[in-house]
Amino acid sequence: MSDTLPDHRGPGFPSGPAEVDLVQLLTPEGERVDHPDYAFDGDDAAIAGFYRDMLLTRRVDTEATALQRQGELGLWASCLGQEAAQIGSGRALGPLDSVFPTYREHGVAWTLGVDPVNLLKLFRGVSHGSWDPIDTRFNLYTIVIGAQTLHATGYAMGLERDGLVGHGSPEKDAAVIGYLGDGATSQGDVSEAFVFASSYNAPIVFFCQNNQWAISEPIERQSRIPLYQRAAGFGFPGVRVDGNDALAVHAVTSKALERARSGSGPTLIEAYTYRMGAHTTSDDPTKYRLADELEHWRLKDPIARVRAYLERHTDTGPDWFAAIDAEADELAADVRSRCLALPDPDLAGLFDVVYADTPVHLREQRAEYEAYRDSFTEAGQDAAATGTEVAW
Amino acid sequence: MSDTLPDHRGPGFPSGPAEVDLVQLLTPEGERVDHPDYAFDGDDAAIAGFYRDMLLTRRVDTEATALQRQGELGLWASCLGQEAAQIGSGRALGPLDSVFPTYREHGVAWTLGVDPVNLLKLFRGVSHGSWDPIDTRFNLYTIVIGAQTLHATGYAMGLERDGLVGHGSPEKDAAVIGYLGDGATSQGDVSEAFVFASSYNAPIVFFCQNNQWAISEPIERQSRIPLYQRAAGFGFPGVRVDGNDALAVHAVTSKALERARSGSGPTLIEAYTYRMGAHTTSDDPTKYRLADELEHWRLKDPIARVRAYLERHTDTGPDWFAAIDAEADELAADVRSRCLALPDPDLAGLFDVVYADTPVHLREQRAEYEAYRDSFTEAGQDAAATGTEVAW
Amino acid sequence: MTRLTMAKALNAGLRRALEADPKVVLAGEDIGKLGGVFRVTEGLQKDFGEARVIDSPLAESGIIGTAVGMALRGYRPVCEIQFDGFVFPAFDQIVNQVAKMHYRSRGRVRMPMVIRIPFGGGIGAVEHHSESPETYFAHTAGLKVVACSNPVDAYWMIQQAVASDDPVVFLEPKRRYHERAEVDEQASPVPLHSATVVRPGRDLTLLAYGPMVKTCLDAAAAAAEEGRDLEVVDLRSLSPLDLATVVGSVQRTGRAVVVHEAPLNLGMGAELSARITEQCFYALEAPVLRVGGYDMPYPPSRVEDEYLPDLDRVLDAVDRSLAY
Amino acid sequence: MTRLTMAKALNAGLRRALEADPKVVLAGEDIGKLGGVFRVTEGLQKDFGEARVIDSPLAESGIIGTAVGMALRGYRPVCEIQFDGFVFPAFDQIVNQVAKMHYRSRGRVRMPMVIRIPFGGGIGAVEHHSESPETYFAHTAGLKVVACSNPVDAYWMIQQAVASDDPVVFLEPKRRYHERAEVDEQASPVPLHSATVVRPGRDLTLLAYGPMVKTCLDAAAAAAEEGRDLEVVDLRSLSPLDLATVVGSVQRTGRAVVVHEAPLNLGMGAELSARITEQCFYALEAPVLRVGGYDMPYPPSRVEDEYLPDLDRVLDAVDRSLAY
Ligand SMILES: Cc1ncc(C[n+]2csc(CCOP(=O)(O)OP(=O)(O)O)c2C)c(N)n1
Ligand SMILES: Cc1ncc(C[n+]2csc(CCOP(=O)(O)OP(=O)(O)O)c2C)c(N)n1
Ligand SMILES: [Mg+2]
Ligand SMILES: [Mg+2]
């Protein structure tokens, strides 16, 4: 048996420079460029808004990482470097659109008004999902890779059945955006989602953040050609966008959502970006990737380029940036203090949320548990009497 | 909620006449045609051999259907109409290549010398798999749709590890061919097989018999574009061949196998064909498809066109065809009589094949079963004493 | 009152569910024009349209996963898995998503989904078409699991399952699809998660569900001829178990035999034996005995009658129990 | 003699297996350069090459399904599932293919595959990272299932599992990965499918495996201070069960408590309770009691200590048993 395998990549599959087929509207230097098919339809105020969104997202992200280091969170999955992909797409959502995220879409959550503390609850271990997925239109984080893409597709099939497609207005029409990672594209569920979405022509956008890594595995392990090309074989268009360019992401996502709402079916967007941090706080990327790579991507930082644009091409001054920084610090402090104040949940309440209609045996188990728990505490009797509810 | 959904097929996805991108070397009328990329490399004797293979395959298939009707088989999955796809590809296999079939590849089995009675055992219910998958290089039938494509891929990965790729000769190199149906392309496992095969550049050919139907569901439910195009999105070539043209199938499969053996990686072949019979003997296709369709495909019968070629362009005379017919009848009669003679298996033997190393509790269960069974028969004691083995 | 087969009773129940609530949708392979391989959905697509009776691509994870999404959108999907052995590609969606979504969201979202599975053997089928996967689901917190054993229950239970706000794995004993009974569409049904004593008796309790209820009733009838008075309980609900009925019966009879087609090891008999022993320790005259499939994969059909519990094996266990 | 953590003992065992047989290959997500998220495969890709220590695409069904193919080609694949909750996408391949291939082929082909799964809770993780899926596998005929509880067993059992010609689901109690013990690489190991009495006692038998063995030993030590002499059996093999050892112990003590993290309903405790009651009916002074996870999905980590059986809950069950 040979120890290492020869590299047999067949002819016709050189990957070439990744940037070639990339939609870009704002260069890393902060210069706006044209693209034949896509244009950013917002004004400078909108761009400033993106800057604020991305900066606040990053600040909360940093704070969460710090909280984890201090033992306040069990884990944190940072979105560092992916802010443009998340804010650009999140800000493209219409009022009726909904989101099916992975576990890393903190920026998208922000655009839908999800309280960051609610994201932290999951990573602190007080809750498996603590924001309202219906009111926020931001579904719960899904940890099993790829599973949410099918949920998104089914939800989109429901939208069509509800007659929410094809009226020609984002006020009347709805679409779904399903997020996934580059690694996720290998999961059978994702391909099945592509099949169903295509077969039923569902109003959905699959938004793949190709951050180049699935924990320690580089994108080449999952695909030897650009990921956006996967879609064509399932019968719908795919497009690769510079995932560190909030303007391009916004433009591409807007168009794809519009296509979905109008009844023209699914689109796959590959946002070409980079996971600038570790996979999660449990991970040690020095084991598998070179520092060089990170340096290369730092030059393409999604926030820096918007700032450069605003500084060079608008009259946004240092005061404005300072104000955002201050706002960010304030937000971080608030998130931190509310995180620290989170009460631990009470197991007793969980017996009641396993089912909508709780069976007898779970009621008995709850009672047993409470009696047992209370046998250790003096105040036990009182707590049991008042029937403490789950407090997450 | 709207009762029926509008047809929203997006622009850019008209399927057009299916024949357009089809490799064909022998027309339904029996005329040979050229193709820029593919040529049949056999002589007229080889074509006559295909005729014989296909005819015998069909004759056994017909006999099996009759046996099912007479209650001798629990079920039969006919390959009627798919003989060219199966014989053309089976005859393209090199001496070291191996096959991972679905449950319908009776023609491929034939090319590898699998005794048809062994196929019948499965459908009669005396065995789940009764030919030798190692000696025949024809793995056991897989009923769970798509599962075998991963086995095929893993086996191909093993071939590469064994150094059986890239020596430039089918005597030294090996490849795998994994069969699947059109419906199977929707299963997550099949897409995962594409991912793994591509990622490891495995020496494999995925051979999809698009017989237009998955039980009652037309191909349009699974894909709105031609299936062979699925491969490109996974980074390897796909090709559509006239699945009713044994010569074209042979040429296309030979080339793809050669590519695999040489270390250039996977290929997807879509053999465009038609399931001329019911899905299985349990099925009633009149519930879901029009007789017209069948008539249309009858004109493209894979056997008729080879016969037409042989009659018109070679000196094969009526005697030769009559001899093959006679051979077929003889084969069918032999298969029938051996099928009827099959003994029922003995459950006792099955306790010993659950594991390679049988645990105590199964030995106990076997003993209990035997004692219990024997309590009903007078001769019981003797049978138990001699330890009757499974007889399938 | 109409005389219906179980397949037709299910069809009628599904029809009523579709009529009662526009949010009910059916999905599965070949359930449309073909009406499913067992014809349980026959005619429903014609009457309710393709938007409500959905022929799915050939992908079980896709069927259940998209149904999760439809449920999140307010629909009540009823998914058909074509045969027991083909539920496993959907297992992740069922165990990690369907079962956990209500819990994950602290009750904010519901999963009113039914997963219909024709299950069990005895129909002379090829591999994967005769299995009894109930343990996998009953062990999974967040799912409810029921099995019907006759047309009357089939008619009512399918409607109750569709009306349930919790996900229900609905097991249909495929070899009983063609057995008939009078179904009174005006009657008021037994609650979905209650067991029923289908034959009262004093000497021993036979516990069964799905296909084995008839086998146990036949065994009880045969035993009666020998003067033994067996009680037969149709569990109907495997999760949650109606332990009150089970324990009540065993407290009276002092003996229990559990019968199922699934392999013995960690079959439902294990849980019932453990529970009964916990709750009836002093009442038990004999250990709870189990009659099940042997601990092997389902065998080729020519030998399935040897594999499946039948009247004789049930009576053999009854003898052993009474011998204590 | 080397003092090793369980993670390092597994690593050393895998290394020996790779050295012993060139057909042994490892596959899984992140097992190469990273050495797996628990570092169990650390350094192995470096030493044995990418062809033998394979970083897989992110697809569990693909990992197991291709391993089936490699096994058919004569390899002995050792697959790592990153966390318990992520085994379900591979469930179909495991249940319908891995478990059935030997049977389907009447023994002509073998499936000498190991499926390593870090399992159980107690590490403060997010959803899906703390589950105990053993019932699903132990119920599946054709699979063997073992769980190690300490570094010494880990070292030997992983080698025995790799050497087994049957597929073995190998459960590693992740919260014990960092506990240490002296591992004697010259010793002769206990057979893979034998249970061991890890603490002899006369009053009651505690039955456990994997993470709960330590908990039971701690409970036995605490009970000893109150003058109670508890026997602790480490089951080690969940399928097949070493019933001889279990029954032998309970025949002596007359009482048994089974402890596991998995939910009670149809947990291993159910089967053990049923078997023990069947075989020790007259010896039992009390019903077999079970201490397990509650019948809910694994809870958020801040409350997992309340959910998981601990010393106090074990002792509580011991008290209840002794009160009979
Ligand atoms: C089914 C499944 N298998 C394995 C894991 C463990 N896991 C968590 S994240 C991850 C990598 C995901 O990579 P990608 O899809 O690229 O997303 P990213 O983390 O880069 O955002 C893995 C393997 C999981 N969560 N689910
Ligand atoms: C996982 C799984 N789901 C469902 C089935 C039931 N089934 C058997 S054959 C079939 C259709 C297969 O269609 P296709 O792949 O086109 O192959 P064909 O039968 O046309 O050769 C279905 C749904 C199955 N065998 N396996
Ligand atoms: Mg990634
Ligand atoms: Mg087909």
Side-chain angles (χ1 to χ4, degrees), chain A residues 98 100 122 127-135 139-144 146-162 164 176 178 187-189 191-200 202 204 345 349-350 352-362 364 390 392, chain C residues 22-23 25 27 49-52 54-75 77 89-90 92-93 95-97 99-112 141-144 164-167 192-193 237 239-244 275:
Chain A
S98 25
F100 285 79
L122 189 155
S127 161
H128 287 327
S130 57
W131 56 93
D132 188 315
I134 300 171
D135 292 350
N139 282 275
L140 296 183
Y141 275 179
T142 298
I143 292 178
V144 180
Q148 78 285 356
T149 58
L150 281 168
H151 309 165
T153 303
Y155 194 94
M157 289 165 62
L159 290 178
E160 181 148 29
R161 278 164 180 73
D162 289 340
L164 288 170
V176 171
Q187 278 291 358
D189 270 9
S191 290
E192 293 190 10
F194 290 175
V195 168
F196 277 68
S198 179
S199 185
Y200 299 115
I204 184 167
L350 293 178
D352 301 342
V353 295
V354 181
Y355 296 97
D357 184 11
T358 303
V360 178
H361 73 281
L362 275 173
E364 287 169 2
V390 58
W392 45 0
Chain C
K23 290 296 188 183
V25 291
E50 289 187 27
R52 294 190 65 196
I54 307 170
D55 265 330
S56 312
L58 210 176
E60 286 76 11
S61 191
I63 293 170
I64 303 297
T66 54
V68 167
M70 294 188 81
L72 292 173
R73 181 70 210 160
Y75 286 84
D92 176 57
Q93 284 288 345
V95 167
N96 275 335
Q97 304 302 331
K100 299 197 170 100
M101 199 63 91
H102 185 274
Y103 183 78
R104 184 180 300 149
S105 71
R106 302 155 306 134
R108 182 65 180 104
V109 302
R110 296 185 163 182
M111 274 293 122
L143 300 178
K144 292 180 173 174
S164 165
D165 283 332
D166 290 306
L192 181 60
H193 297 292
S237 180
S239 177
L241 281 168
D242 175 3
L243 276 177
R275 293 267 173 202

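Here is the naming used below: chain letters follow the sequence lines, and residue numbers restart at 1 for every chain. Only this structure's heavy atoms are used, side chains among them; waters, hydrogens and symmetry mates stay out.
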Under 4.5 Å heavy-atom distance to chain A, tell me which part of [X] shows up: side chain, backbone, both or neither.
X        : answer
C/Asp242 : neither
C/His193 : neither
C/Lys100 : neither
C/Ala59  : both

Proximal component of [X], with respect to chain C [non-hydrogen, under 4.5 Å]:
X        : result
A/Thr149 : neither
A/Ala147 : both
A/Leu122 : neither

Beyond-backbone contact of [X] with [Y], side-chain heavy atoms, under 4.5 angstrom:
X        : Y        : answer
A/Tyr355 : C/Pro240 : no
C/Asp92  : A/Val144 : yes
C/Val109 : A/Ile134 : yes
A/His128 : C/Tyr103 : yes
C/Glu60  : A/Glu192 : no

Do A/Asp162 and C/Tyr75 have a side chain donor and acceptor closer than 3.5 Å?
yes

Residue, of C/Ser61, C/Gly74, C/Ala27, that accumulates the most heavy atom pairs under 4.5 Å with chain A:
C/Ser61

Non-hydrogen atoms of C/Pro57 and A/Tyr200 that approach each other most closely:
CD-OH, 3.3 Å

